[in-house]
Amino acid sequence: MLKGIIANKGYAIGNILKIDDQKIDISRVTIKNIESEISYLYEAIDKTVAQLNHLKMINKSKFDAETLAIFDAHIAIANDPEVINQIEEKIRKESCNLTYAITFVVNSIVELFKDITDEYIRQRASDLLEVSDRIIKNHLEIAMIDIQNIDQKVILAAHEITASIAAQINPKYISGIISEVGGKNSHSSIIARLLGIPALVGVDLLMDTIHNDDQIILDAIEGKLIRSYTKDSLATYKEKMFAYKLEKQKLKMINKVKAVTKDGIEIPLLANIGSSKDLKLALEQNASGVGLFRTEILFLDRYEIPNEEEQFLEYKKVLEAFNQKPVIIRTLDVGGDKDLAYLKLPLEANPALGNRGARLSLTHTDIFKTQIKALLRASQYGNLKVMFPMISEKDEFIKLKKMISQVEKELKDKNISYKPFDLGIMIEVPSAAIIADQLAPVVDFFSIGTNDLIQYTFAADRLNANLDYLNQPFHPSILRLIHMVTTAAKAHGKKTSVCGEMASDPIAACLLIGLGVDELSMTSSLIPEVKNKILSQSHGNLVALAEKLLHEDSQKDMIKLLNKNLQN
Ligand code: PEP
Ligand code: MG
């Protein structure tokens with residue numbers, strides 16, 4: 001039996017579909033037989049065109065004419081004589097291998113388009129990258145799984161479900177997710193929770209042990225995979241699945257109720273979303289607003305940066321859906337484990353400690369300003385608040401805020417109307433938590449990102465399954481940092497919310513409330529369980545309990561005490 005870390009609770013029974021995401025070697029090799037290398041080019045193009053025609057045919061009933069035309073555009077790109085000539089010439093002149101020649105030619109064309117703002121041309125560059133990727137994979141005979149087009153129920157298995165793979169998943173067909181790497185709070189796990197798909201990560205030897213079409217039971221309640229099972233155990237699991245669904249169904253009864261403690265304090269429960277696709281569930285759960293809109297999801301599943309208009313429409317949609325309820329939109333948080341291939345960021349030895357989040361906004365000011373323009377324009381359609389991720393010192397905040405003022409001025413000069421928004425920061429780096437008393441006077445609110453705060457406090461990569469034992473949300477170090485933040489915020493009349501995964505655990509949520517957190521934001525599907533727990537507690541008791549817990553000295557003792565005190 002294979003075991004793993006539970007990334008999202010639930011059960012799934014079904015057939016495995018393996019994704020082998022092989023790294024492609026694009027290095028230059030000198031070849032001897034130029035003619036056969038060129039013939040490989042034409043073979044790979046033929047294969048690609050046939051594939052695209054097939055995809056167009058099988059998607060005829062699913063897509064409208066405009067979407068289907070994308071396949072024709074891609075076929076035209078694959079057959080583009082100008083590009084083909086350049087690749088051929090490169091191989092002939094330099095006696096180099098095909099993979100290298102394609103990559104070189106395509107990259108130099110894309111580079112030419114880099115500074116062009118014309119949307120049509122930018123889209124062509126993006127299409128060219130996508131098609132050339134397909135041609136290279138066909139040449140190297142790397143099987144491609146078109147995740148977006150999976151139309152049979154399967155359980156996905158991969159060495160790593162990257163954030164961009166996760167962003168393409170359609171929960172209608174993917175009933176479970178399993179991976180070898182990843183931690184409870186890696187971004188693919190967060191997306192799995194967002195989509196409500198049972199998921200297990202950190203499953204050792206997964207890819208060596210399972211095969212395509214294996215029938216398995218994914219038990220993401222006990223954290224295991226069952227590969228050979230009897231009729232009886234299958235029947236038992238079907239019963240478990242039914243009972244689990246029933247339990248979830250029961251919690252729906254409190255959908256309309258607010259999360260108010262027994263002594264009358266309301267704790268707004270907001271939704272974490274990744275795009276407007278998540279709105280339906282958030283509204284169904286009657287979320288008090290959006291506490292975290294991870295805008296990077298918009299940037300991940302594609303070949304180029306979404307332009308201002310596209311971003312504006314997406315933000316507007318979310319703001320309008322929530323009417324006057326607050327919507328906190330986080331500026332782009334990429335870098336680290338969320339790589340955007342098209343940004344071609346230099347490789348860093350320690351990406352989690354590198355140029356990511358707010359730091360990247362400071363080095364890529366054009367991307368930041370475009371996003372701010374879109375946000376300012378959208379702000380008129382609801383109750384927008386904006387926050388910066390990964391702030392580690394006051395100056396970063398001041399610099400980014402200044403850039404916002406510049407963008408405001410630009411809009412004013414052009415007579416474009418906008419509404420200024422509240423501006424907060426995420427507290428996810430210990431340095432920021434420690435100087436919360438200096439940050440509180442200059443920001444409008446704090447939102448604690450416990451996923452990163454835990455990772456950076458313990459210096460333990462949140463993606464590394466072997467370090468899962470250091471993912472300790474109940475550790476005294478974390479409690480003390482959170483308490484420092486809420487105390488500083490209160491002293492300056494500012495609010496603190498928590499939008500890291502800790503907020504979605506009912507017991508941890510109670511602890512956070514006791515520590516002085518005002519609002520909690522979580523994956524919508526987890527709101528009912530947290531609400532149910534809050535309804536049974538008194539705020540006064542939670543504060544007294546947290547006060548006591550601040551002096552405990554291990555996570556184990558803390559959990560024991562919490563469970564004892566929070567039983568209802
Ligand atoms: C966090 O770090 O807790 C957080 C909410 O941000 P993300 O998980 O997207 O890094
Ligand atoms: Mg974070």
Side-chain angles (χ1 to χ4, degrees), residues 7-8 161-164 166-167 182-195 199 201 269-275 278 290-300 327-340 351-361 385-392 396 424-433 445-464 470-475 478-479 481-482 485 496-505 508-509 512 517 519-524 526 530:
N8 191 35
I161 305 273
T162 59
S164 53
K184 191 170 188 291
N185 292 329
S186 54
H187 287 94
S188 50
S189 303
I190 291 171
I191 295 178
R193 287 195 280 277
L194 213 54
L195 299 172
V201 296
L269 300 183
L270 299 96
N272 286 357
I273 65 167
S275 75
D278 304 325
V290 170
L292 167 64
F293 181 168
R294 288 185 165 94
T295 56
E296 61 275 11
I297 311 284
L298 289 177
F299 289 66
L300 280 173
V327 171
I328 305 180
I329 302 189
R330 171 171 82 181
T331 55
L332 185 62
D333 185 21
V334 288
D337 65 322
K338 289 174 279 191
D339 183 34
L340 295 186
L353 304 181
N355 189 12
R356 53 164 301 197
R359 304 165 186 187
L360 197 118
S361 297
K385 296 168 193 279
V386 173
M387 66 182 176
F388 303 139
M390 282 290 294
I391 289 286
S392 33
E396 285 173 336
I425 58 168
M426 288 191 72
I427 301 279
E428 36 189 3
V429 181
S431 66
F445 63 91
F446 287 139
S447 180
I448 306 179
T450 45
N451 310 336
D452 276 319
L453 188 61
I454 297 167
Q455 137 161 293
Y456 294 123
T457 304
F458 281 89
D461 185 348
R462 65 196 255 194
L463 300 180
N464 189 336
L470 288 174
N471 177 13
Q472 295 195 24
F474 298 97
H475 192 270
I478 303 301
L479 266 56
L481 287 173
I482 293 173
V485 176
T496 306
S497 70
V498 171
C499 62
E501 299 304 301
M502 197 174 165
S504 60
D505 174 304
L512 292 169
V517 168
E519 296 176 356
L520 300 168
S521 188
M522 66 206 77
T523 304
S524 305
L526 302 176
V530 173

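We number each residue from 1, following the sequence as shown. Start at 1 and go down the list; that is how both ligands and their atoms are numbered. We use all heavy atoms of the structure for the numbers below, so side chains are in, but hydrogens, waters and symmetry mates are not.
Every side chain to side chain contact (heavy atoms under 4.5 Å, CB included) that I328 has, sequence neighbours left out, goes to K385, M387, F445. Partners of S524 according to the side chain to side chain contact (heavy atoms under 4.5 Å, CB included) rule, which considers only residues two or more places apart in sequence or in another chain, are A271, L281, A282, Q285.
The closest side-chain heavy-atom distance from H475 to F458 is below 4.5 Å. Counting heavy atoms from C-beta on, the side chains of M502 and I448 never come closer than 4.5 Å. E296 is listed as a side-chain neighbour of R330, based on a closest heavy-atom distance under 4.5 Å.
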**Message:** If you apply the rule side-chain contact (heavy atoms from CB on, under 4.5 Å), what do you find for K184 with V201, and how did you get there?
**Reply:** CA-CA 7 Å; K184 191 170 188 291; V201 296; 5.8 Å; no
**Request:** Would you sort out whether R294 and D333 count as a side-chain contact (heavy atoms from CB on, under 4.5 Å), showing the intermediate values?
**Result:** CA-CA 8 Å; R294 288 185 165 94; D333 185 21; over 6 Å; no
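In this structure, ligand 1 sits under 4.0 Å from heavy atoms belonging to H187, I190, L292, R294, R330, D333, K338, M426, E428, G449, T450, N451, D452, R462, C499, G500.
Across every non-hydrogen atom of G357 and P389, the tightest pair is CA-CG, 3.9 Å.
The count of protein N, O or S atoms under 2.8 Å from the Mg ion (ligand 2) stands at 2, with waters excluded from the count.
Using a 4.0 Å cut-off between a side-chain N of Lys or Arg and a carboxylate O of Asp or Glu, R462 and D452 qualify as a salt bridge.
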